[in-house]
Amino acid sequence: MARARAPADARRRDAARARDDAAPAGLDDAAVPRLRPGGRGASGGGDHRPALVPRRHRRRARRETAGGRRRPPRAGHRGLRARRRAGRVAHKQRGQPLLLRAPRLPHRARGGDAAGRPARLGYGQAAVSTRPPKRYPDRDEIAAVRAEAEPLEDGAEAAESRRLAGRVMARRDMGKLVFLDLVDRSGRIQLLCPAARTGEVDVHLGDVVGVTGKPAKSRRGEPSLVVDELELLSRIRSPLPDTFHGLTDVEQRYRRRYLDLMMNEETRADFILRSRMVKAIRDYLDGDGFVEVETPALQADYGGAFARPFATHSNELDQDIYLRIAGGELYLKRLIVGGLEKVYEIGRVFRNEGVSYKHNPEFTMLEWYEAYADYNDTMERFETLVETVALEVLGTTKVTYRGQDIDLKRPWRRLKLVDALEEHGVWSEDEADLRAILESRGINTTEDRTWSQLVDHALTNYVEPKLVEPTFLHDYPVRLSPFARTTDGDEQIVERFEGFVGGTELCNAFSELNDAVEQEARFRMQAEEGAGGNVEAEPGDEDYVEALSYGMAPTGGLGFGIDRLAMVLAGKESIRDVILFPAQRPKS
RNA sequence: GGGCCGGUAGCUCAGCUGGUAGAGCAGGGGACUUUUAAUCCCAAGGUCGCAGGUUCGAGCCCUGCCCGGCCCA
């Protein structure tokens with residue numbers, strides 16, 4: 001199949017048509033904002049394309065395929081084997097560390113030719129004439145300067161100078177006039193560089209530069225900065241990913257998050273949102289008199305959840321120790337015994353288990369304990385916290401999560417666990433009964449050794465997915481909850497609740513058991529659960545019982561998954577989209 | 001752990017029934033003072049994830065493995 005060279009006149013026609021196509025569309029596009037509104041993109045989850053208009057792209061793509069424009073055969077065809085060999089050499093060089101590769105310029109490369117033009121250079125190897133500055137003080141935010149330029153007349157220029165710094169993300173070179181798009185954390189603005197003022201604009205896509213100039217509007221009405229002085233602050237040495245499509249390969253987005261953040265504004269917005277969320281949580285708790293504390297992440301024993309731990313070894317103690325698999329529950333309650341009254345901890349928790357859209361081996365938990373409060377107070381505090389935080393970071397309580405529109409506004413629905421199970425016809429106090437019910441619905445219960453596990457299984461299968469609107473599921477069977485106080489009316493039920501949004505569990509809380517004697521009895525009950533085959537059973541803790549024996553105020557306590565709330569607020573379906581560096585296998 | 005899908009140039013993607021790997025963007029050289037995915041000309045760029053196998057011939061078919069995604073457990 002020989003490739004024919006397209007007739008020259010046909011190619012010229014193509015080129016002319018391309019120009020005609022581009023011109024009117026360009027006018028339309030001038031009105032398209034470069035920035036998405038802060039927060040979530042209108043396109044919804046999963047789409048990481050920049051907010052640009054693909055119309056022209058499509059048109060051009062169509063022309064390309066229909067026109068059948070092909071690369072003409074090379075004049076000096078080197079032959080396949082020679083090219084393969086050349087490729088292999090190039091690959092080897094690419095494989096070397098940048099530091100070794102970059103300085104190896106051919107001698108000519110530094111000099112350039114007699115006319116002063118730089119010689120042929122490899123990627124990012126263009127000579128940098130001076131050592132770049134170590135600081136760039138007194139810069140303004142791009143968003144602020146953009147706002148300043150916005151009200152100007154087309155073609156007008158403001159009187160006062162501004163300083164901006166950021167990364168160059170687009171270049172449109174007219175020869176004596178160069179347009180650059182400069183991006184910082186606050187936004188994007190067009191730079192207008194007249195050669196008369198700035199000299200030759202030796203700037204590549206991806207370079208970090210600092211500029212001084214005056215806010216202005218281009219003739220076409222684009223808010224800009226007319227540059228008087230441009231300084232290169234950092235030269236890019238590796239090529240930027242596709243500036244239109246960004247970096248879309250999910251694996252690459254996680255492995256090289258810096259590129260994801262650089263190219264995808266939505267990613268930047270998501271992680272700034274997470275940071276503001278955590279700050280809003282702290283502000284709320286601090287403002288209500290809580291004390292932030294830290295408790296051990298290295299523990300001689302692990303508990304508080306059913307999970308495999310990461311094990312390590314203390315040389316000093318000559319003893320195996322574990323990274324915690326849950327928040328510092330029993331430590332924090334010791335602090336209540338000690339009189340700190342209101343404490344919280346935001347900390348990393350580790351589970352030696354698999355990765356999924358809602359699991360990462362390390363994640364972040366918040367636990368708080370509040371003396372003189374019960375689980376009703378805690379419910380109120382949690383719904384207030386979530387509402388407050390949502391308003392603070394999103395400006396609204398309405399979110400879209402997993403394709404569902406949800407309002408986080410308080411008060412949340414309260415639903416008794418038993419009622420919820422009965423509603424779905426999966427409730428019985430008798431183990432054999434419950435097992436039969438579940439089996440009759442096709443659920444495999446062979447892994448469930450105890451009644452508690454059957455209840456849990458029924459919950460996850462039938463109740464939780466239905467809890468889309470924010471809901472507190474409350475009043476759990478005592479056997480599921482070794483640290484919660486029983487209700488006044490029924491000794492078999494404890495004052496415990498879990499909060500759900502969009503079918504996802506956000507938190508777990510109780511009126512804390514504060515009686516040493518009863519706590520001891522509960523530990524014995526758990527030992528029976530364990531003997532019955534429930535690996536989730538809580539191991540006893542004599543020291544904790546001793547702490548309680550000094551008397552603990554009645555206390556409401558709660559633990560919740562920070563990452564999960566970040567997912568809800570950012571509208572992300574995968575926990576990996578709210579963790580900057582999610583767990584990845586090393587790519588050998 | 002099982003099933004399905006994917007891995008081709010730095011990035012985004014084509015690649016037909018097995019027959020010499022090809023586009024756009026980025027990068028190099030050149031033209032251009034109002035562009036905005038600027039445009040135009042020229043040249044360059046490949047370990048087709050890895051290892052085997054089948055075949056005259058494999059990016060494409062087969063086997064195993066690695067990495068990722070989705071679904072299930």
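Chain letters run A, B, ... following the sequence lines, proteins first, then strands; residues in each count from 1.
- Between the side chain of A/Asp242 and the base of B/rG24, at least one donor-acceptor pair of N or O atoms lies under 3.5 Å.
- With both pairing distances under 3.5 Å, B/rC50 is matched to B/rG64 as a Watson-Crick or G-U wobble pair.
- Using modelled atom types, one side-chain atom of A/Asp184 and one backbone atom of A/Ile142 make a donor-acceptor pair closer than 3.5 Å.
- RNA chain B is contacted by both A/Asp173 and A/Leu192; A/Leu192 maps to the nucleotide lying nearer its 5′ end (nearest heavy atom per residue).
- The base-pairing partner of B/rG59, taking Watson-Crick or G-U wobble contacts with both distances under 3.5 Å, does not exist among the strands shown.
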**OP:** Give the B/S/- string for nucleotides 68-73 of chain B, one per nucleotide from 5' to 3', where a protein heavy atom under 4.0 Å of the base yields B, of only the sugar-phosphate yields S, and otherwise -.
**Re:** SSS---

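- For the C1' atoms, the distance from B/rG59 to B/rC16 is 13 Å, rounded to whole Å.
- One can place CZ of A/Arg253 at 20 Å from P of B/rC67, the figure rounded to the nearest angstrom.
- Toward the 5' end of RNA chain B, the nearer of the two residues A/Ser218 and A/Ala170, judged by each one's closest nucleotide, is A/Ser218.
- As rounded to whole Å, 17 Å separates atom C1' of B/rC11 from atom CG of A/Leu261.
- Rounded to whole Å, the separation between the P atoms of B/rC5 and B/rG46 comes to 32 Å.
- With both ends at atom P, the span from B/rG30 to B/rG15 equals 37 Å, rounded to whole Å.
- The P atoms of B/rA43 and B/rG22 are separated by 15 Å, rounded to the nearest whole Å.
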Subject >> Residue pair A/Arg256, A/Gln252: steps toward the side-chain hydrogen bond (donor to acceptor under 3.5 Å, both in side chains) verdict >> reply: CA-CA 6 Å; A/Arg256 301 201 282 173; A/Gln252 291 306 316; 3.1 Å; yes

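- Listed by chain and residue number, A/Glu157, A/Pro194, A/Val226, A/Asp228 satisfy the side chain to side chain contact (heavy atoms under 4.5 Å, CB included) test with A/Arg197 (two or more places apart in sequence, or in another chain).
- Atom-to-atom, CD of A/Gln252 to P of B/rG7 comes out at 14 Å; the value is rounded to the nearest Å.
- Here, B/rG18 and B/rG28 have their P atoms 41 Å apart, quoted to the whole Å.
- Between the CG atom of A/Leu240 and the C1' atom of B/rG10 there is a distance of 10 Å, given to the nearest Å.
- For A/Tyr136, the side chain to side chain contact (heavy atoms under 4.5 Å, CB included) partners two or more places apart in sequence, or in a different chain, are A/Arg139, A/Arg163, A/Ala165, A/Thr212, A/Glu231, A/Leu233.
- As a whole-Å value, the separation of A/Glu353 CD from B/rG1 P is 14 Å.
- Scored by the side chain to side chain contact (heavy atoms under 4.5 Å, CB included) test, A/Pro309 finds A/Tyr302, A/Tyr322, A/Ile325 as partners (sequence neighbours excluded).
- Between A/Thr248 and B/rU12, a side-chain N or O to OP1/OP2 separation shorter than 4.0 Å is present.
- Under the Watson-Crick or G-U wobble criterion, with both distances below 3.5 Å, B/rC13 is paired with B/rG22.
- Taking the P atoms as reference points, B/rC66 lies 38 Å from B/rG27, given to the whole Å.
- Between A/Asp563 and A/Lys358, no side-chain nitrogen of the basic residue sits less than 4.0 Å from a carboxylate oxygen of the acidic one, so the salt-bridge criterion is not met.
- When the C1' atom is compared between B/rA58 and B/rC4, the two are found 25 Å apart, to the nearest whole Å.
- For A/Arg255, the side chain to side chain contact (heavy atoms under 4.5 Å, CB included) partners at least two apart in sequence or on another chain are A/Glu251, A/Gln584, A/Lys587.
- The side chain of A/Leu247 lies closest to B/rC11, out of B/rC11, B/rG27, B/rA38.
- Residues passing the side-chain hydrogen bond (donor to acceptor under 3.5 Å, both in side chains) test with A/Arg564, sequence neighbours excluded: none.
- Across the protein-nucleic acid pair, A/Arg146 atom CZ and B/rU36 atom P stand 16 Å apart, rounded to whole Å.
- The interatomic distance linking A/Arg172 (CZ) with B/rC25 (C1') rounds to 15 Å, in whole Å.
- A perpendicular orientation is assigned to the rings of A/Trp451 and A/Trp427, their planes being inclined by more than 60° (bins at 30° and 60°).
- Contact check, A/His245 against B/rG24: no side-chain N or O comes under 4.0 Å of OP1 or OP2.
- When distances are taken from the side chain of A/Lys176 to each of B/rU33, B/rA38, B/rU34, the shortest belongs to B/rU33.
- Computed from coordinates, the A/Glu153 CD to B/rU34 C1' distance equals 17 Å when rounded to whole Å.
- Within the nucleic acid shown, A/Arg256 comes within 4.0 Å of sugar-phosphate atoms alone, with no base atom in reach, counting heavy atoms only.
- Spacing of P atoms, B/rG7 relative to B/rU12, comes out at 12 Å, to the nearest Å.
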